[in-house]
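I have placed the structure first, in the form of structure tokens, so that the comments after it can refer back to it.
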Protein chains: 2
Amino acid sequence: MSPETPADYEKCAVETTLELIDGKWKGVVLFHLLDATLRFNELRRRAPGATQRVLTKQLRELEADGLVIRTVYAEVPPRVEYRLSPLGETLRPIIVALKSWGTAYKERQLGERAAA
Amino acid sequence: MSPETPADYEKCAVETTLELIDGKWKGVVLFHLLDATLRFNELRRRAPGATQRVLTKQLRELEADGLVIRTVYAEVPPRVEYRLSPLGETLRPIIVALKSWGTAYKERQLGERAAA
DNA sequence: GCCCATAGTGACCGTTTGGATACTATTGGA
DNA sequence: TCCAATAGTATCCAAACGGTCACTATGGGC
């Protein structure tokens with residue numbers, strides 16, 4: 001891990017961030033938690049296509065990485081809420097940037113397809 | 001793919017971007033191409049750990065997605081140069097943001113470990 | 001004639017990732 | 001009494017991903 005050159009060090013930093021937000025549904029989860037605290041099934045509805053098992057796993061990873069806070073209420077039926085941690089909050093500009101870039105990219109593609 | 005709600009649409013946009021820059025070495029490659037046009041082996045040196053096969057594959061994906069331009073010179077020994085496309089250039093603020101966030105994250109972790 | 005360098009490709013393999021499906025506990029309501 | 005809802009687990013499976021190793025073409029230098 002000791003950086004041989006400054007370039008090596010900086011390279012790793014890009015990867016570090018990507019590893020944390022990489023996972024098929026993590027982007028979706030983080031994006032929706034920007035606006036609100038959500039319960040498990042609310043997240044499921046916002047990530048249609050994600051199975052329970054996978055969504056659970058990704059949420060646990062986000063929690064383990066300190067980006068998301070999971071709060072369990074001792075009720076029946078169970079209630080579990082997910083929200084961004086302060087650290088997760090610092091990702092906000094990045095998530096927003098990813099979203100707007102992706103939107104522009106998709107629109108560009110539509111334009112190209114229309115032209116063809 | 002037709003969005004059922006605005007939220008669904010926006011979610012996909014985050015994923016769209018992540019899918020393009022996801023890949024173990026794509027972040028590294030893009031980061032280094034921010035500064036310079038690089039030959040294949042120059043990129044290899046900046047991504048130590050990536051094998052030829054994998055690096056080639058990721059470069060081809062970046063090329064196919066229109067983020068990177070690959071130029072082959074008919075020389076011997078071969079010379080192939082990689083540089084950001086105009087579209088890839090538009091990722092610059094995101095790459096820079098990922099890098100600085102990752103740097104801060106790693107420093108934070110060092111601080112925590114030192115405190116423990 | 002042989003080796004070097006560059007920028008790959010091809011065969012093979014193991015791990016990780018995500019997905020399908022079925023199952024659980026608890027309690028309030030019909 | 002039986003069913004529904006929530007937030008999961010458990011088990012099994014397929015595909016994707018990355019890694020290792022060997023191999024290629026070409027022309028210049030020794």
Side-chain angles (χ1 to χ4, degrees), chain A residues 1 11-12 14-33 36-65 67-83, chain B residues 1 11-12 14-33 36-65 67-83:
Chain A
M1 272 298 164
K11 146 213 123 182
C12 290
V14 178
E15 280 307 312
T16 298
T17 309
L18 279 178
E19 277 165 21
L20 293 183
I21 62 183
D22 175 35
K24 194 155 174 189
W25 306 100
K26 285 188 187 174
V28 189
V29 167
L30 290 171
F31 177 72
H32 287 290
L33 291 184
T37 292
L38 294 173
R39 298 180 59 173
F40 183 76
N41 274 353
E42 289 173 326
L43 281 168
R44 274 235 284 174
R45 264 169 244 130
R46 281 162 177 79
T51 60
Q52 249 177 346
R53 198 185 78 87
V54 171
L55 188 56
T56 299
K57 204 184 144 219
Q58 309 235 332
L59 284 166
R60 293 297 154 85
E61 286 175 14
L62 289 171
E63 190 195 5
D65 289 330
L67 300 178
V68 156
I69 293 173
R70 177 171 173 268
T71 311
V72 183
Y73 296 89
E75 303 175 359
V76 166
R79 184 160 59 100
V80 178
E81 286 183 351
Y82 293 90
R83 62 194 165 85
Chain B
M1 274 297 164
K11 148 214 121 181
C12 290
V14 177
E15 279 308 312
T16 299
T17 310
L18 278 179
E19 275 165 22
L20 294 183
I21 63 182
D22 175 35
K24 193 154 173 191
W25 306 100
K26 286 188 188 173
V28 188
V29 166
L30 291 171
F31 176 71
H32 287 289
L33 291 183
T37 292
L38 294 172
R39 298 180 59 174
F40 183 76
N41 274 352
E42 289 173 327
L43 281 168
R44 274 235 284 172
R45 264 168 244 131
R46 282 162 177 77
T51 61
Q52 250 177 347
R53 200 185 76 88
V54 171
L55 187 55
T56 299
K57 204 183 144 220
Q58 308 235 332
L59 284 166
R60 292 297 155 82
E61 285 175 14
L62 289 170
E63 190 195 6
D65 289 331
L67 300 178
V68 156
I69 293 173
R70 177 171 174 267
T71 312
V72 182
Y73 296 88
E75 302 176 1
V76 166
R79 184 159 61 100
V80 179
E81 286 183 352
Y82 293 91
R83 63 193 165 85

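Proteins come first, then strands; the chains are lettered A, B, ... in the order of their sequence lines, and each starts at number 1.
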Reading 5' to 3' through nucleotides 24-30 of chain D, protein heavy-atom contacts under 4.0 Å coded B for base, S for sugar-phosphate only, - for none
--BS---
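- With values rounded to the nearest 0.5 angstrom, Y82(B) atom OH is found 15.5 Å from H32(B) atom NE2.
- Taken from OG1 in T56(B) to CD in E63(B), the straight-line distance is 11.5 Å, to the nearest 0.5 Å.
- Counting all heavy atoms, side chain and backbone alike, R39(A) lies closest to E42(A) at N-OE1, 2.7 Å.
- The only member of E81(B), R46(B), R45(B) that meets side-chain contact (heavy atoms from CB on, under 4.5 Å) when paired with L38(B) is R46(B).
- The shortest heavy-atom contact between A50(A) and L55(A) is CB-CB, 4.4 Å.
- Residue contacts for Y73(B): at a heavy-atom cut-off of 4.0 Å it reaches no nucleic acid atom on any strand shown.
- Residues L30(A) and V68(A) have side chains in contact (heavy-atom distance under 4.5 Å, counting atoms from C-beta outward).
- A straight line from CD of E81(A) to P of dT6(D) spans 14 Å, rounded to a whole angstrom.
- In this structure, the separation between NZ on K24(A) and CD on E19(B) is 8.0 Å, given to the nearest 0.5 Å.
- Counting any heavy atom pair closer than 4.0 Å across all strands shown, R60(B) reaches sugar-phosphate atoms only and no base atom.
- One can place CG of L55(A) at 11 Å from C1' of dA7(D), the figure rounded to the nearest angstrom.
- Taking atom CG of L38(A) as the reference point, atom P of dT6(D) lies 14 Å away to the nearest angstrom.
- What you find for K26(B) and I21(B) is that their closest heavy atoms are CB-O, 3.6 Å.
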Collect all protein-nucleotide pairs involving nucleotides 15-21 of chain D in which both atoms are nitrogen or oxygen and the distance is under 3.5 Å.
residue	atom	partner	partner atom	Å
dG18(D)	OP1	K24(B)	N	2.8
dG18(D)	OP1	Q58(B)	NE2	3.3
dG18(D)	OP2	Q58(B)	NE2	2.9
dG18(D)	N7	R53(B)	NH2	3.2
dG19(D)	OP1	K24(B)	NZ	3.2
dG19(D)	OP2	W25(B)	NE1	3.4
dG19(D)	N7	R53(B)	NH2	3.2
dG19(D)	O6	R53(B)	NE	3.1
dG19(D)	O6	R53(B)	NH2	2.7
dT20(D)	O4	R53(B)	NE	3.3

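- Distance CG/L59(A) to CH2/W25(A): 12.5 Å, rounded to 0.5 Å.
- When DNA chain C is scanned 5' to 3' for any atom under 4.0 Å from a heavy atom of chain A, the first and last hits are dG18(C) to dT27(C).
- Put simply, CD1 on I69(A) and CG on L62(A) are 12.0 Å apart, with the number rounded to the nearest 0.5 Å.
- Once rounded to the nearest 0.5 Å, the distance linking CD of E15(A) with CG of L20(A) reads 11.0 Å.
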